Amino acid sequence: MFLVFVSGRGWIVSLSLSMDLQDFLIRARVLRLYRQALRIAGRAPSSAKAELRQTIRQEMENNRNCNDKQRIRFLISEGLDKLKRLDEMLDMQGYR
């Protein structure tokens, strides 16, 4: 698929946006992890909520340009483990 648009100076720019099924599925997993992280962060105490959301966003931004599929899978797995521990900690502290 190609995306064609006109830039501010009147130039026509064409970008190839090819994404195979595996890329699509990995992207979906990353987005699901991000949404899940934000939902769990929403349960945190108000004093920690903003910092937790900023940390989640920063982690995503730090790895935004990663193209290594194996590394992305590792990061997803690591993120899910961290979220599970955070979720359990919030449950133990009574934040549901």
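No hydrogens, no waters, no symmetry mates; every other heavy atom, side chains included, goes into these values. Every value quoted in this text rests on a predicted model; they were computed, and no experiment measured them.
- Here the CG-CG distance, from N63 to L75, works out to 4.5 Å after rounding to the nearest 0.5 Å.
- No side-chain donor-acceptor contact under 3.5 Å links S77 to the backbone of R73.
- Closest approach of G79 and L33 over heavy atoms only: C-CD1, 3.9 Å.
- In this structure, L52 is a member of the same hydrophobic cluster as Y95, with clusters built from ILVMFWY side-chain heavy atoms closer than 4.5 Å.
- E51 CD: 12 or fewer foreign heavy atoms inside a 6.0 Å radius.
- Put simply, L38 and L31 are part of two different groups of oily side chains (I, L, V, M, F, W, Y) that touch within less than 4.5 Å, one to the next.
- Counting all heavy atoms, side chain and backbone alike, K49 lies closest to A41 at CG-O, 3.4 Å.
- Once rounded to the nearest 0.5 Å, the distance linking CD1 of I76 with CD1 of I26 reads 6.5 Å.
- Rounded to the nearest 0.5 Å, atoms CG (D87) and CD (Q36) are 8.0 Å apart.
- No path of Ile, Leu, Val, Met, Phe, Trp and Tyr side chains, each step under 4.5 Å between heavy atoms, connects F74 with L80, placing them in separate hydrophobic clusters.
- Using a cut-off of 4.0 Å between Lys/Arg side-chain N and Asp/Glu carboxylate O, R64 and E61 are scored as salt-bridged.
- In this structure, D23 and D20 approach most closely via the heavy-atom pair N-OD1, 2.8 Å.
- Here the shortest heavy-atom pairing between V30 and M60 reads O-CE, 3.8 Å.
- Surrounding CG of N67 are at most 12 heavy atoms belonging to other residues, nucleotides or ligands under 6.0 Å away.
- Of all heavy-atom pairs between C66 and R71, the closest is SG-CG, 3.6 Å.
- Distance CZ/R43 to CG/L86: 7.5 Å, rounded to 0.5 Å.
- Summarising the geometry of A37 relative to I56, their closest heavy-atom pair is O-CD1, 3.5 Å, with the distance given to 0.1 Å.
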